[in-house]
Every structure is written in C-alpha cells, then in structure tokens.
J.: 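Following this message is one structure expressed as structure tokens.
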Amino acid sequence: MLTLSQDDILLGCEAPDWRGALDCAAEALQQAGLVAAGYRDGLHAREAQSSTFLGSAIAIPHGTPESREHVRATGVRVLQFPRGIDWHDGNRVHVLVTIVARSDAHLDILRQLTHVLDREGVVERLAAADSRAEIAGLLSKAVVEARLDTGTLCLGFPARDASELALAAAARLRQAGCAESTFVAAVANQAPHDLGQGLWLVSSARGVTRPALALATPESLLTHGDSPLVGVFCLAAQGDAHRGLLERLLTLLESGSAGDLAGADAATVLTRLAGESAAASTRRVRVLNAHGLHARPAKQLVQVARAQSVAIRVHLEEGGGQAVSATSLTKVIGLGARRGQPLVFSAEGEGTEAALDAVCRAVTEGLGESVLPFDESREHHLSDTQAMIEPLPENAPQAAVAASPGLAIAPAFVLRLPRFDYPQRADDPAVENRRLDEAMGEGAEQLEALVRQARGCEVAQILSMHEAMLTDPELHQAAREDIGEGASAEAAWWHAIETAAHAQEMLADRLLAERAADLRDVGRRVLGLLCRIELPEPPDIPYILVADDLGPSDVARLDTARVRGLLTARGGATAHSAILARALGIPAAVGAGKRVLRLANDTLLILDGDRGRFTVAPSEERLATAEQRLADQHHREAEAWEARHRTATTRDGHRVEVAANLGNTAHALDAVERGAEGVGLLRTEFLFMAHASAPNLATQVEEYREALDALDGRPLVARTLDVGGDKPLPYWPMPKEDNPFLGLRGIRLSLTRPEMLETQLRALLMAAAPAAEPEQAPAAGLKPAPAAAVNKNARPLRIMLPMVKDVGEFRTVRALLDRLLEELPQAERATDVQLGVMIEVPSAALLAPTLAAEVDFFSVGTNDLTQYALAIDRGHPDLAAQSDGLHPAVLRLIEMTVAAAHARGKWVGVCGELASDATAVPVLVGLGVDELSVSARQVPLVKARLREFDLAEARAQATLALAQSTAEAVRDVLETG
Ligand code: PEP
Ligand code: MG
C-alpha cells in the first residue's frame, strides 16, 4: 500500500505562483527518482484541463494519463508552502500532495486525504506546521474500516429463537475475521436488546479485531417474547470506530420501516443500512476506469450529479459504507472506488429515473476517460473486502496454511491472466489470414526458443507439446474457416481454441481432459501476439509463484528450476495440489487470501512452508535472518541426503521405518534412491485415473510389478482403489451426492463392484509372485526386515483398504483375498502378504481393538482422519488453517489405534501428511507409531528428524500434546517449549 512517510514531505517551499509550485513538485518527484523529466509537462497539461484543488488548502496535482509513461515508480511527495499560493481557480493552497502511480495505489492516500478535509483548523495547522511529523500526522489519519457487507450478513438462517440468531451473527463475524471466539462466547451470554420494529441487538467489545456489524434474519417468521423477530444485529464494538455503524443502524430505525427487512435479500438490507429509504430507487453500475474513481473522473461524476433535478446519493456496494451525496467531490473520492467495483446510486422523487440513467451512463462511458468493459471472469475484481481494505503490510509475517515445507526467498511473480479486447468482425479475410499466420509463426518461434532454454527440465516436455498443438493443421483450418465468414483473426483463433479445448474437456480420461488447459495456454500466446499484449512471462530468475489457486496439473507443470515457492490465495494443506508440491519439493503456503493477488511483481517475499507464513518486503534484518535459516536448511538437507540410506532410528536406537508415498509405480526406483525403506502407500487410484477405462489384469500386473521390481525386496503397501469424494473416476460415473466425502468413497465404492476389486487384488498378488525361490520369508507380525537385510527374492506385499469404518468391510475383503490365495497357484502369487486397513474414519479408530484382532496392520491416513474427526473439508478454502492433524482429538484417535494394534502384536504406520511434519514426527513416535510414510522427497529429512531426539523425549512430547485442548495449543507448546 502506498503510505505517507515523513521522508516524503518537503517543508518551507516557495514559489512565485501556481505554475512555479507545479515546477517545484515536478522537480521533487524527479529528484526522488519517481518520474522522468517529461512528467512536468503532464502536470501542467492536467492542471490546464481543470483544477486539482481538493479543499482545505490542499491541491493534488498529477499528470495526464499520457504522461504515465514518464512514471518510474509509485510514490508521493508533499510540498508545504507556508506563505500560500494563489491557485488559478481562486482558492489558496498551502500543501501540494503529488502522487505518481502506475496503478491505483494512490487511491489509498486520496481516501486518507478526504478524511482530513472535514477537520476544523486544518488549513492553519498545515500552513504553520514546522515539522514533517506534524504534517504527516495531519494528513495521515488512519482510517479504521468497519465491516458491514454481504460477508457479515446471515439471512434466512434456520434458527429457532433470538439467541440462535445472535450466535449465528456472532459466528459470521468470527468467520469474517472481525472477532475471536471470546467475542462469540460474550454474545452467547447476552439477552438481546430490543430495538423495536422486530429488530434486536447484541454487542460486545471482547475479542474484537475489527469493528463490524452483522445481521442474522430467520428462515421463517419468529417471535421473541411477545414481539415479532425480524432479525438480530450483532455489533463488534471497538473504541469509537464502530460509531458509524451505530449511526447507520439508528438511521434505519428512524426511518420507521425497518420491519420490512423481514425476508429481504442482501442487496436490500445493505441499501437500507446505507441510509436509503425504502422509497428510493437504486441503480447499480460498475466503475470501469483503469485507476478507479480518482480525482478527475470523480469530478466529472459530481458535475453530472449536480446537473440533475433530484438529489443523488451513491455508495459502494461491497464496502457496506454509508451512501454519500454524489455532488460532493471529497465524499465521492472518499469512496475509494476501484475498477470493477459496483457503485449503487439512489434517488427519489420526480425525475429519478432520468437522473439515475444519466449518472449510470456517465460511469459506463468512463467519466471522461477511455475505458474497457469489465469481464468478471477474466479480471481479479476486488470483491474481497479484506483485500481492498487491508493491503498486505510490509515486513510483518502473515499467516497462511503450511502446505509444503521449506523456506524460500525470492521476488513474487503474480500469475494474472491478461484481458484481451478485440473486434469480432473484420472486413478483409486476406489481411486477417496473414495476421493469423504471422502470429502463429511468431508463437511457434517463441516456443521453440523456450524449449531450447528449458532443455533437460520437465517443463521442456510441456512446451514441446504446446509447440505441437500450435502447428496442428485442424486448429488452423478451423480458424481460417471463421475468418472466411468475416470473423477477425482474434475472434476466429479464439473460437477454434475454445472449441478444441471444450472437446478435450469432454474426454473421459482425466489426464487427457486436463490438456484443455494447455490448449488455452497456447491460444493465449497467439492471441497476445495478435492483440499486441505481452503475456506475463515468468522472470528467468528464481521467483515465488503467487496465484489464486493451482490445480494438480498446474503444479505438475511448474518449472521446478525457477519456482522457489508457491503462495496461493486459496487451497488447503491436504488438497492434492499441496501433496504434489511436497512431492516436487517446492515450499508452499496456501489459503493466504485474495490480498496476495494484489502484490506487485518483483516484491521480495520470504515464504516459510513449514509454518505457513510469508513476509512481504522484509527489512534487511529480517532478510538476513531468513537467509541464515535458508543456509542452515540447505546444510541440513545436504547432511540428510548423505545419510539417507542409513536405517532410521531415534538418537537412542529406537527403530522407526521410513517409507515413501507414491502415486506412480514408475517413481519407486527414485524413492529407493532417496532412502525409502519401502513404499508405505501406493495410491493406486492414480494408475486408474491415467487410463481411459479400467485397466485390465495384465496392465495392472505390469504396473505393480514395476514397483516391486524397483523395491528389490522392500515391502510395498498398496492401497486398493480409493476414488469418490475429491477423486472422481471418469469411467465410473457416480450419482451426484450432496456430501461426496460422506458418500460412496474408498472401500465402500469398491464393494459395489466386487469384480473390479477382485481384479485389483488378483493383479497385486500376481505381481508380487517371488522372482525366484524365496530363501526365507520374513517374519510376519511387525514390519518386515529393513532394507539392509531384505530378502531380495521375496516381494513383501501389504494390501490396505481405504475408508474402512468397521470390521464388516474388512471381513468381506478378507474372504475375497483368501479365496484368491486359494485359487492362484502358489508359485504364481505373493507368499508374503498382509491385509490391513487405513484408519481414516474416527469409527475405525474407536473400534481399533475389534479390528486389530483380525487385520495384519493399520496405516493412519491423517488427512482424512483429521477431516472426519474435526468435520472440516480437507480442501476448504477458509477452514484449511484449522484442519491440523496435530489436533489433540486426532492424536487421541492415533493413540487408541496404536494401543489396540500393539496389544495384538500388529504394526501401525502413518501415511497422511502429518508424518512429514517436523513438529509431529516426535509426537507420532512417542505415540508408538512403527512406520512413517511420506513423499519420497521428504524421506531423507524425516530420517534426519528421527535422529534428533530419543524415545523418552518423544514420549514426553506425545504426553504433552495429548494434554492440550486445541491444535494451536499443541503447536505452541511443542514449537516454543
Ligand atoms: C489420508 O487420508 O491421510 C491418506 C493418506 O489418503 P489420501 O490423502 O490419498 O486420501
Ligand atoms: Mg485418505
């Protein structure tokens, strides 16, 4: 955010007249390196168009849009003229605030200034101030933004009484980040206060982080005592910053018709709370100006509003702010409206419709600036109120969700798709065909150069594929046909791309369907060339990729040589894209909120994937500390790598096996090379997803055999098909379920098609048939022998069932497996087989004693166990931070599981993401877990982590963790003490 600091202020300036004052401003900006010399003319040209006098002895000179090319950096200079300057419009000016910006960053300062203007005596004080601190203090009154918007409304809530409504409203404020749990508790203990007209109020200042007002209304009409219950307001009070909210509430009540909020929708509620009467007509229109409603378009708007026969008011739809007069320049600027934000105009009385038409037309036409239409799907519009009001502070660690460990320090590259505007039709097909050919040729050349640069990296393959797509004659022909019918080259090309991409998306094979994204990538490259818009090419130096969200295929395509880290606005730690980031070894923090998308490219970031933190523009000191940590991390990684083939034990020699999680059997060799002592979880669904129809017996045998060959006597824990929920299988269509995570998933689904399960079990048994006569089968019971002592002829096979809820499902599969073992000739099938279950559903943990009597082993899937124990969707964008496997409830379920297994001499692994969490490793070992299965890249580090503590310490950590009451408390006590 652009903020005003004392260094930006120049005291005691003098100039003979207003022109001289503008020259002083230009010189100050140039000296600060913010503009080039040409900007001076822009300042004069702009002033010649209309005065930039704002009020209260302040003028805000700035350049014309054309002079923006002379802007070198965004910044501000404040010049104080104690003697005053006669401005050309007759006003007297003591302070020039000159803001240069390449974006709309200056709106924040403008907005602050409008808050200064109402203050009494400010002119005299600005003129007489003899310190920069005083001027800065006068100009930069911090604006605490109270919240009242769709995010704080809870309408049509199925409550039974006023207290339930009050709680719903309080919870909404907590969810919106305005209050903490103590606030909700304080509200829960209150009797709602009667406001009249069916409205009630609860309020508290406890645990308030930001003043806000929520409203909860009931689904159906209720009464409270003898009065009707239209709704309950919940006020998060803070100092006097919530006063504006109360005033809005009072205005609503004074209107005498607040009762008609019953059953009202969000837009009506907000309009009424913005001070509009029920009789007012409203009209909504989006701001289109690239730099928002800055001074000049605001002035135009004010002029149009003043020319109308009725009084027009305006408010921002999203901020929930009060409606202001559209004829007040300072009030209109004070809205701080940015491109894409909807304004709501209102008026009442005769001539209203014509007046609203006029202002809306003026806004749509750009208020004197040329504007482009707004396309919500293509632009990151700023509906996220948090993002708009609270830009990311610099040099202060910000919270996100830890998704992939490691530290990264690099500049940000924010992935924003450009918008393309082009005519749909063109007159001359020959010209359009030539333009298209040229753009395609240029695109192919670009790709060729990129492939050359990327040779050897994974990304080279993807770029070559793009090159092949670009030269596809069918694509070219489709575009030429459209051009022949009068389409412009741009429209024809994009139509061809969209048609092809859509057809691709319809393919049953998920991997093929994902190629639609590649087609659009290629399409944008050519479209960019046709429209002469440069696509955001990532820098060729290492960077941290900042994006809204990344799908698994996006992550898989990352250029790992340059992407040092990932920071996303959305996503959760156990989403499959996060799992992939870990597999690629890229530090990642996710769920950081939309505000990260407003980061400027090249902003230096520190990203801490272990703690889920990131810091924007760190200070020298913080940077030095992070660099030291990074150096330590590299050192630790190097040491861990050296020792990766040593068996993993705690410092005092307690053995814990470390295995790898795989989604692709072809990666088994790599896992062994990274020190894995086996595969602890083969997610066989990825094998199924890579085929257009269910892979047959032979295909499966071949795939599983590849892994077992690579493991060379080390055990393979293969999970039977685990689809459903977040992992659909295209050729196994399932009826739509309201709660897919609670529906036909994992073993439940497999049991609906036993023939598929049977084929999979048969394939696994056949693939694990010993290569030659086994010398000696490893002992059953606890884990098989470690790698150093593996029997290379044996192929230990552990089959694991996902999503088991009780022993019933297990027995059905056991019977099937036993039958197959009988049927298959001994020499053609595995001889060392165990059948176990995943502990992912709380009922399985609670019933572990009954399961342990029959299964051979347990493997705890902490990703799902956490999801089901805490009732938090593992990919939920807002709740991801709370979905922590170190929650004491999850730990207790693991404790029960281990106790039940060990009582029967069975072993327990953990294969969820928690197993690679450095804080969790000693806790899991302390709870008695025998095996940790983690992404292959994490194997050396987890082994190294095990060597850092001894068993007694691990047990103490586990006891300490189990004694806590929240996940935060567990992390606190383990990470700080
Ligand atoms: C788990 O749920 O912890 C697990 C390992 O399975 P998946 O992440 O594949 O659902
Ligand atoms: Mg799972």
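Predicted model, so just to flag it, every value in this text is computed and none were measured. In listed order, ligands and their atoms are each counted from 1.
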J.: Residue-level breakdown please: for V860 versus ligand 1, do any non-hydrogen atoms fall below 4.0 Å on the side chain, on the backbone, on both, or on neither?
T.: neither
J.: Distance under 4.0 Å to a non-hydrogen atom of R874: what atoms of ligand 1 satisfy this?
T.: 2 (O), 7 (P), 8 (O), 10 (O)
J.: Would you check if there is a donor-acceptor pair between the side chains of E657 and W907 at a distance under 3.5 Å?
T.: no
J.: Quick one: look at Q867 and ligand 1, take heavy-atom pairs under 4.0 Å, and tell me if it's side chain, backbone, both or neither.
T.: neither
J.: If you measure every N or O of R719 against every N or O of ligand 1, does any of those distances drop under 3.5 Å?
T.: yes
J.: For V679, run the side chain to side chain contact (heavy atoms under 4.5 Å, CB included) check against L716, T665, V672 and tell me which one passes.
T.: L716
J.: Could you list which atoms of ligand 1 come closer than 4.0 Å to a heavy atom of L681?
T.: 5 (C)
J.: From the options K906, R798, R814, select the one residue that forms a salt bridge (Lys or Arg N to Asp or Glu O under 4.0 Å) with D856.
T.: R814
J.: Less than 4.5 Å apart, any side-chain heavy atom of L567 and any of L545?
T.: no
J.: For the Mg ion (ligand 2), find the closest N/O/S atom on E840 and give its atom name.
T.: OE2
J.: Looking at ligand 1, does any of its N/O atoms fall within less than 3.5 Å of an N/O of E913?
T.: no
J.: Output yes if D864 passes the N/O/S-under-2.8 Å test against the Mg ion (ligand 2); output no otherwise.
T.: yes
J.: Go through the structure and list residues passing side-chain contact (heavy atoms from CB on, under 4.5 Å) with A956, not counting sequence neighbours.
T.: none
J.: Please round to the nearest 0.5 Å and tell me the distance separating atom CG of N664 and atom CZ of R683.
T.: 13.0 Å
J.: Of all residues at least two apart in sequence or in a different chain, which pass the salt bridge (Lys or Arg N to Asp or Glu O under 4.0 Å) check with E953?
T.: R651
J.: State the atoms of ligand 1, each with its element, that fall below the 4.0 Å cut-off from a heavy-atom position in D864.
T.: 1 (C), 2 (O), 3 (O), 10 (O)
J.: If you measure from each non-hydrogen atom of M803 to ligand 1, which part falls under 4.0 Å: side chain, backbone, both or neither?
T.: neither
